[in-house]
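Presented below is the structure to which this report refers.
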Amino acid sequence: QIQLAGLAKIISKAGYTIAGLTFFGLVIKLFINTPDLPLMDMVGEILNIFMIAVTLIVVSVPEGLPMSVTLSLALSMNRMLKTNNLVRKMHACETMGATTVICTDKTGTLTQNQMQIYQTNFFNLADQKLANDEVSRLIKEGIAVNSTAFLDLSEEKPKTMGNPTEAALLLWLNSNKEDYQSLREEAKVIEQLTFSTERKYMATLVKSPQLGRNVLYVKGAPEIVLQNCNRVAINGSYASVESCKASIEKQLLDYQNQAMRTLGFAYQLVEDEQVESFFENGRLKNADLTFLGFVAISDPVRSDVPDAVKSCLNAGIDVKIVTGDTPGTAKEIGRQVGIWNENDTERNIITGPGFEALTDEEALDRVLDLKIMCRARPTDKQRLVQLLQQKDAVVAVTGDGTNDAPALKAAQVGLSMGDGTSVAKEASDITIIDNSFMSITRAVMWGRSLYQNIQKFILFQLTINVVACVIVLVGSFLGTESPLTVTQMLWVNLIMDTFAAGALASLPPNERVMKNKPRKSGPKGDFIISRRMANRIFSVGILFVVFLLAVLIYFNHTDGELTAYELSQFFSIFVLLQFWNMFNAKAFGTNKSAFAELKESKGFLSVALLILIGQYLIVTFGGQMFSVVPLSWADWGYIIAGTSIVLWIGEIIRLLGKK
């Protein structure tokens, strides 16, 4: 939008300047050549000149450009859906192509989101007040009731619903022949704190039928849960947290270094008179927890992610992992997907609390170097996005939770997950239906291809505008009338502006764009008309003008004046030159033949055929309205074959460039 607004100003100034020069030049010429013309005839001639000037303004403005942009976006929305990208806000189709940084979640996006219990570590726990079989029931009941996930057991293979980490625990119970649903329904929930990324734990206080007492169950990040515990129960007795902490942390680190997620568990027996005093302001209060142990949960990296990440990195896009996991887990996943390497240092990774402690100046200095943010909270993700934008980055960010909404809104492109919350989806611009990073990479390819298609249309249309304006301007001064009438120019404007917009907007995506670096965006970014495009517009435009003026001079030389038949030939030559140039525009920036991928370009072929048929019908049946007379089949053959040299020259140039 920024680039098109700048382009509109340039075109407007150029159009009004050319139209003004034409009007005043022709009026002066009229007074010099026919000073004795009757007043009414003079007024009529001036009105005719005014109509030519107005038409020049109309021709100089590519009215099809807004339609081309909208059509490209609409077609991309439809096609991107087939690649698991549900576009919720149309502009995001193109903005993805300008993305320079992708801040991605780990679970479900880089990994398979198929959590499974890899190992349980409950330390052979036993409370002195409880029998050993009761300890087992304590653990199982805690997993069943202190959870918001569900299993669908209607089919042979259980399906998980809700948080995948919690669902993995239920799958473990199910594999041990335990009915989690019965355990959950039998226990009476007194109060519950659902999991929060801020506090990193979940707590549920229940009246336990298994134990006949009130029990507080807590689970969450092991280091957070352990921090809230007063003891660890091992081998039937209690041990202090301090004496066990180093051993527990070592075991946790070993699992986390293997990119496994860990969950810690704790409990407390609660007397009836204590029930109302445990929760305050969304947190535990006066808790006297006993650490039960932890489990290690594995979630393998998706098989297609390393290649997808590599494609983004090769395309000049930085990929940053923002996760709630520990540094060890995050680093290992980063290594597996190709983000983290042996040369990276502590400058390239930071925790959420560490990031919060940095001043804005310190964070700005470091933000582009960060590759991983672990133990991140929603506020950390939002701040990261905003700081990256201050560094002129175009940021796409993924999120699936309600707390991710601020970051999704702050980013230029918010990417919600297919299994995310409705709040996250509403705040996002695109929903990744299959949660896969590969789908995000495809969205980038679509965005870049869309931008390239818009450039192709601008290249094609501005070439026509340059040729039409110069021909009308020069032709009007060389002869008594413009070689192209007002209605003819409006027809050219219709078929070459509106129809061609549809043709070039419907081109399929070009995978080659992923080998380019991101374009610079914003007011000081790359202009939508590149230097190469400008050179092509003016060089091809001048060649067309020279050729068409040569045709005019030839017709004038042979007959002394332009006949209706010759003007019809000139009109058709002008249109067919642009017709073949449309094929050259299709191949612009691809280094491929204009005939490549024609089978996939059915919209382009349909519009090309429509232009040919339309031009034939106008010349054959347009008559007085279009100031034309029918041409012979031989002349049509000569015109089509002669003007096609535009395409063959383009093919030769592309072939030589390829070699």
Side-chain angles (χ1 to χ4, degrees), residues 1-8 62 64-103 311-312 315-317 385 388-389 392-398 408-416 428-432 439-462 500-530 533 585-586 588-590 603:
Q1 290 171 343
I2 292 170
Q3 297 302 313
L4 294 179
L7 178 62
L65 185 54
M67 188 191 80
S68 175
V69 173
T70 304
L71 185 59
S72 294
L73 292 169
L75 288 172
S76 293
M77 284 180 68
N78 184 46
R79 292 173 179 175
M80 286 172 72
L81 183 58
K82 297 176 182 177
T83 60
N84 297 306
N85 288 279
L86 174 61
V87 180
R88 306 174 66 87
K89 297 174 184 175
M90 197 160 60
H91 71 82
C93 296
E94 188 276 327
T95 309
M96 275 303 296
T99 297
T100 59
V101 178
I102 298 175
C103 297
S311 177
C312 284
I317 301 171
V385 171
L388 285 167
Q389 290 170 335
D392 296 325
V394 178
V395 186
V397 63
T398 68
L408 291 170
K409 286 185 177 180
Q412 279 94 339
V413 183
L415 303 166
S416 61
S428 68
D429 305 295
I430 298 176
T431 296
I432 309 300
S439 297
I440 299 174
T441 305
R442 292 195 194 101
V444 173
M445 182 189 70
W446 273 102
R448 291 189 175 188
S449 297
L450 188 153
Y451 185 78
Q452 193 176 72
N453 285 349
I454 294 171
Q455 284 185 309
K456 290 176 181 179
F457 172 74
I458 292 173
L459 169 72
F460 170 73
Q461 185 59 46
L462 291 188
L504 295 171
S506 63
L507 293 175
N510 175 22
E511 293 184 7
R512 188 180 176 84
V513 297
M514 292 303 288
K515 296 181 180 179
N516 303 330
K517 299 301 179 185
R519 62 183 175 85
K520 295 180 181 178
S521 300
K524 297 181 181 179
D526 295 337
F527 191 45
I528 197 166
I529 299 179
S530 65
M533 287 174 64
K586 171 185 176 293
F588 179 76
T590 64

Just to verify, what does [X] make a side-chain hydrogen bond (donor to acceptor under 3.5 Å, both in side chains) with, not counting sequence neighbours?
X: Thr431; result: Ser416
X: Asn84; result: Asp434
X: Thr83; result: Asn85
X: Gln455; result: none

With a 4.5 Å heavy-atom cut-off, do [X] and [Y] have their side chains touching?
X: Val394; Y: Val101; value: no
X: Gln412; Y: Gln389; value: yes
X: Ile440; Y: Ile432; value: yes
X: Met77; Y: Met90; value: yes
X: Val69; Y: Ile454; value: yes
X: Val397; Y: Leu415; value: no
X: Leu462; Y: Ile529; value: yes
X: Thr70; Y: Leu73; value: no

How close do [X] and [Y] get, counting heavy atoms only, and between which atoms?
X: Ser72; Y: Leu450; answer: O-CD1, 3.6 Å
X: Pro518; Y: Ala315; answer: CD-O, 3.1 Å
X: Ile528; Y: Met533; answer: O-SD, 3.4 Å
X: Ser311; Y: Met514; answer: OG-CE, 3.6 Å
X: Lys456; Y: Lys586; answer: NZ-O, 2.9 Å
X: Gln452; Y: Phe588; answer: CD-O, 4.4 Å

With sequence neighbours left out, the residues meeting salt bridge (charged side-chain N to carboxylate O under 4.0 Å, His left out) with Lys409 are none
For Arg88, the salt bridge (charged side-chain N to carboxylate O under 4.0 Å, His left out) test, sequence neighbours excluded, returns Glu426
Practice item. Could you go through the side-chain contact (heavy atoms from CB on, under 4.5 Å) check for Trp446 and Met96 one step at a time? Key: CA-CA 8 Å; Trp446 273 102; Met96 275 303 296; over 6 Å; no
Does atom NZ (Lys517) have a neighbourhood of more than 12 heavy atoms from anything else shown, all under 6.0 Å?
yes
Original post:
Counting distance only, does the side-chain N/O of Arg448 pair as donor-acceptor with the main-chain N or O of Asn516 below 3.5 Å?
Top reply: yes
